[in-house]
Amino acid sequence: MWQSLPLPQSQLCLSAVLKCGQSFRWVAVGSPPEYRFCLRDRVVCLNQSPTTLFYRTFLPYPQPSALPQQHIAEAETLVWLKDYFQLDVDLQKLYAEWAARDKVFSSIETRFAGIRMLRQDPFENLISFICSSNNNIGRITKMVQALCKHYSAPLLSIPDPSDPLVEVEYHPFPSPSVLAAPGVEATLRDLGFGYRAKFIQRTAQMLVDTHGSGELAEKFLANLRNTPTEEARQELLKFMGVGRKVADCVLLMSLDKKEVVPVDTHVHQIAIKHYGLKGSLNAKSNMTPKLYEEINTKLVAVWGDYAGWAHSVLFTSDLKAFSAHGVETAETTALPTPPPTPSPLKRKGGVPEGDVPPSPLIGRAKRRRT
DNA sequence: CGCATACCAATA
DNA sequence: ATTGGTATGC
């Protein structure tokens, strides 16, 4: 049944990595939690102890007498796990390097160990992050799972460990050609996707029209792994619903561009608070292309070659789900205030200095209505 | 390029 | 009113 792989939690923390807004398709069942994920041909189940990662595989149409087949499947799953979690990358070593370069990082590293970048399927990653605009993790998760349930047949069902009489069905992520069908937009709207319904259908259609149906569309995306970052980014920006932020998420999370730092409002706030980036006091300070570049450049300079991976640790530490519940630690109050980045040109208005952050990372400056 | 507005739905 | 943005128009 369960297979094991020696792996300290400092190299991989499942509870953080699978719930921090990289993938939206892992489901946690039972307690202690078991994490399940449906691939094209199987369901992979995971849990972990401080020293070991445990995994098991469910195939459709299990042959009761096919133990050799099961053995082969577990070996294949292990290969997939090493690829998906990028286990060849020594995360402890990276943490040590980031901590040496950055005091902000060193102040949180022990509380947020084992946060690494997944190497996701590019198409799933692309569609999932088209859903992410103006949205939150909880709803994105519901949308992605509704999409799978509606557009791909259940591969198999497995009992819920906390209630073994209940069988849970698992659906793979649908293929581009399925989502390219004309009726998809209307259906997704009914499923609550809002304006993103059109983006998904159009992106899938464009992928199929331009690069062919079947495996070809997905091969095109996968091949962007061998394409230089800027060129790959330009390809992604052609898709409807894909702007700079979504493109950068895909580059980082499924196309091996480990240095890319996606800048969303959270990262923007982190950059202002801890890395000396200018923040407009303007209520609706939009993310302009220029500001995006500025933040991106700064963070790459701080964290180096694996900046995108480091960003994920900081980002996760800033998530409410991981920092809430009033967990305060003593040393979190003494973070260095970075020297403000000299702004060569104008500044819009005076930026008052009276802002004292209650806690270094958690909580951003909220505007209060008058 | 910078800025404004619409877009769906849930509310951390 | 706000939210892990993007498309469109000026």
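Computed from a predicted structure; not experimentally measured. In what follows, chains are A, B, ... by sequence order, proteins preceding strands, each numbered from 1.
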* When all nucleic acid strands are considered with a 4.0 Å heavy-atom cut-off, which category describes A:Ile137: base, sugar-phosphate, or nothing? -> base
* Euclidean distance, atom CG of residue A:Asn134 to atom P of B:dA12 [Å, nearest integer] -> 16 Å
* Asked: Reckon A:Phe315 touches a base, only the sugar-phosphate, or nothing at all at heavy-atom distances under 4.0 Å?
  -> base
* **Charged N-O contact under 4.0 Å between A:Glu74 and A:Arg56** => no
* Spacing of A:Leu314 atom CG relative to C:dG4 atom P, expressed in whole Å -> 17 Å
* Asked: Picking from C:dG4, B:dC3, B:dC8, which would you name as closest to the side chain of A:Thr288?
  -> B:dC3
* Does the pair A:Glu34/A:Arg36 count as a salt bridge with the N-to-O cut at 4.0 Å? -> yes
* Atom-pair distance (CD1 on A:Ile200; C1' on B:dC8), nearest Å -> 12 Å
* To do: For DNA chain C, determine which residues of residues 237-248 of chain A have any heavy atom closer than 4.0 angstrom to one of its atoms, and list them numerically.
  => A:Phe239, A:Met240, A:Gly241, A:Val242, A:Gly243, A:Arg244, A:Lys245, A:Val246
* **Residues A:Lys149, A:Glu169: salt bridge by 4.0 Å N-O rule** => no
* State whether A:Glu185 and A:Arg189 are salt-bridged, where the test is any N-O pair (Lys NZ or Arg NE/NH1/NH2 against Asp/Glu carboxylate O) under 4.0 Å. => yes
* Span that lies between the C1' atom of C:dG4 and that of B:dG2, in whole angstrom -> 23 Å
* **Euclidean distance for P, B:dC8 against C:dG9 (whole angstrom)** => 16 Å
* Quick one: does A:Glu259's side chain get under 4.5 Å of A:Leu252's, heavy atoms only? -> no
* Asked: For the base of C:dG5, is there a side-chain donor-acceptor partner from A:Tyr195 under 3.5 Å away?
  -> yes
* What's the NE2-P distance between A:His266 and C:dT3, to the nearest Å? -> 9 Å
* Give A:Cys131 one of three labels, base, sugar-phosphate or nothing, depending on what nucleic acid heavy atoms sit under 4.0 Å from its own. => nothing
* Asked: Hey, is A:Glu293 close enough to A:Arg244 for a salt bridge, meaning N to O under 4.0 Å?
  -> yes
* Is A:Arg189 touching bases, backbone alone, or none of the nucleic acid, heavy atoms closer than 4.0 Å? -> sugar-phosphate
